[in-house]
Q: 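There's a structure below that I have some questions on.
Heads up: numbering here begins at 1 and tracks the sequence.
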Amino acid sequence: MNKNNVLASIEAMLFAAGDPVEPSKLAEVLDIDVENVIKMLGHLEATYDEREGGLRVIRVDGKYQICTREEYSDEVRGLLEIKKNTPLSQAAFEVLAIVAYNKTVTRSFIEQIRGVDCSGPVSNLIQKGLIEEKGRLDLPGRPLVYGTTDRFLRCFSLNSLDDLPELPKDTENKDDSQTSLFENENANDKIMSEVAEDNGEDKE
């Protein structure tokens with residue numbers, strides 16, 4: 001693998017990871033020395049700085065991450081606010097139901113039930129404050145565990161997850177039965193109203 005391919009691979013991995021990544025993990029994937037990876041990371045960091053684009057490479061406690069530049073924070077924040085206030089999709093409702101009825105779950109568990117990638121709906125629900133990270137499992141890869149938030153309880157007028165309605169007996173073993181909580185057509189409007197209120201916006 002030539003230098004350009006290594007740089008491109010490192011850039012792709014940092015972008016896909018989202019969170020800061022240790023050089024040793026990049027070196028393991030690329031099967032090269034950590035010292036070479038660190039040199040490549042420095043080159044990539046300099047390249048981003050020379051380009052003066054919207055992205056940069058930063059170092060966080062010995063780890064590396066691709067992030068947006070501070071001078072564009074207002075624009076990025078504005079876009080995230082727009083995304084936060086868009087209605088939930090059916091996929092997001094299904095993911096939310098799976099998390100709620102199982103109390104704490106990993107993304108792989110959600111995807112096993114739904115049979116499709118759920119990174120988008122999970123990210124959307126986190127942005128809206130309906131689910132949050134609850135920690136990591138003591139398993140290979142240390143997968144994140146997700147659970148519902150207090151905002152979720154407010155949106156559905158629940159004191160706790162114990163107040164969730166029981167699943168119908170004739171469908172409780174089916175994958176799509178997890179969505180029964182959200183069959184009320186007003187659920188989406190109620191959620192978005194709560195989100196707007198928490199953001200200091202008018203409900204109207």
Q: Is Val60 reachable from Tyr64 through a run of I, L, V, M, F, W or Y residues, each pair having side-chain heavy atoms under 4.5 Å apart?
A: no

Q: Using the test side chain to side chain donor-acceptor pair (under 3.5 Å), find all partners of Arg69 that sit at least two apart in sequence or belong to another chain.
A: Asp49

Q: Look at the side chain of Arg151 and the backbone N and O of Lys128, then say whether any donor-acceptor pair between them is shorter than 3.5 Å.
A: yes

Q: Got a second to check how far Ile66's CD1 is from Leu55's CG, nearest 0.5 Å?
A: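 If we round to the nearest 0.5 Å, Ile66:CD1 and Leu55:CG are 7.0 Å apart.
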
Q: Tell me whether Ile58 shares a hydrophobic cluster with Tyr48, the cluster being built from Ile, Leu, Val, Met, Phe, Trp, Tyr side chains joined at under 4.5 Å.
A: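 Each belongs to a different hydrophobic cluster.
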
Q: Which atom pairs, donor and acceptor, lie under 3.5 Å between side-chain atoms of residues 26-47 and protein residues at least two apart or in another chain?
A:
unit_1: Glu45; atom_1: OE1; unit_2: Arg59; atom_2: NH2; d: 3.4
unit_1: Glu45; atom_1: OE2; unit_2: Arg59; atom_2: NH2; d: 3.4
unit_1: Thr47; atom_1: OG1; unit_2: His43; atom_2: O; d: 2.8

Q: Of all residues at least two apart in sequence or in a different chain, which pass the side chain to side chain donor-acceptor pair (under 3.5 Å) check with Thr104?
A: none

Q: Flag the pair Leu125 / Phe152 as yes when at least one side-chain heavy-atom distance between them is below 4.5 Å, and no otherwise.
A: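 No. Closest side-chain heavy atoms not under 4.5 Å.
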
Q: Applying the 4.5 Å side-chain criterion to the ILVMFWY set and letting contacts propagate, would Val116 and Ile113 be lumped into a single cluster?
A: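 Unlinked, Val116 and Ile113 end up in two clusters.
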
Q: Answer yes or no: are there more than 12 heavy-atom neighbours, outside Glu70 itself, under 6.0 Å from its atom CD?
A: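 No, CD of Glu70 has 12 or fewer neighbouring heavy atoms, counting only those of other groups under 6.0 Å.
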
Q: For Pro121 versus Ala92, what's the shortest heavy-atom pair and its separation?
A: CB-CA, 4.0 Å

Q: Please answer whether the main-chain N or O of Gly120 pairs with a side-chain N or O of Ser123 as donor and acceptor at a distance below 3.5 Å.
A: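 Checking the backbone N and O of Gly120 against the side chain of Ser123, no donor-acceptor pair under 3.5 Å is found.
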
Q: Using side-chain heavy atoms (C-beta onward) and a distance below 4.5 Å, is Ile98 in contact with Arg114?
A: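 They are in side-chain contact.
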
Q: In Å, rounded to the nearest 0.5 Å, how long is the span from CG of Asp117 to OG of Ser108?
A: 11.5 Å

Q: With side chain to side chain contact (heavy atoms under 4.5 Å, CB included) as the test, would you mind laying out the steps for Asp162 and Lys103 before giving the verdict?
A: CA-CA 10 Å; Asp162 294 333; Lys103 293 187 170 61; 3.9 Å; yes

Q: For the residue pair Leu164 and Leu161, establish whether any side-chain heavy-atom pair is separated by less than 4.5 Å.
A: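 Leu164 vs Leu161: side chains touch.
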
Q: List the atom pairs, with distances to 0.1 Å, where a side-chain N or O of residues 130-147 and a protein N or O form a donor-acceptor pair under 3.5 Å, not counting sequence neighbours.
A:
unit_1: Glu132; atom_1: OE2; unit_2: Lys134; atom_2: NZ; d: 2.8
unit_1: Lys134; atom_1: NZ; unit_2: Thr148; atom_2: O; d: 3.3
unit_1: Arg136; atom_1: NH1; unit_2: Arg142; atom_2: O; d: 2.7

Q: So, the side chain of Glu111 versus the backbone of Cys118: is there a donor-acceptor pair under 3.5 Å, distance only?
A: yes

Q: For Asp61, what residues pass the side chain to side chain donor-acceptor pair (under 3.5 Å) criterion, not counting sequence neighbours?
A: none

Q: With rounding to the nearest 0.5 Å, note down the distance linking CG in Asn4 to OG in Ser9.
A: 10.5 Å

Q: Sort and list the pairs that fulfil salt bridge (charged side-chain N to carboxylate O under 4.0 Å, His left out) and have at least one residue in residues 10-21, not counting sequence neighbours.
A: none

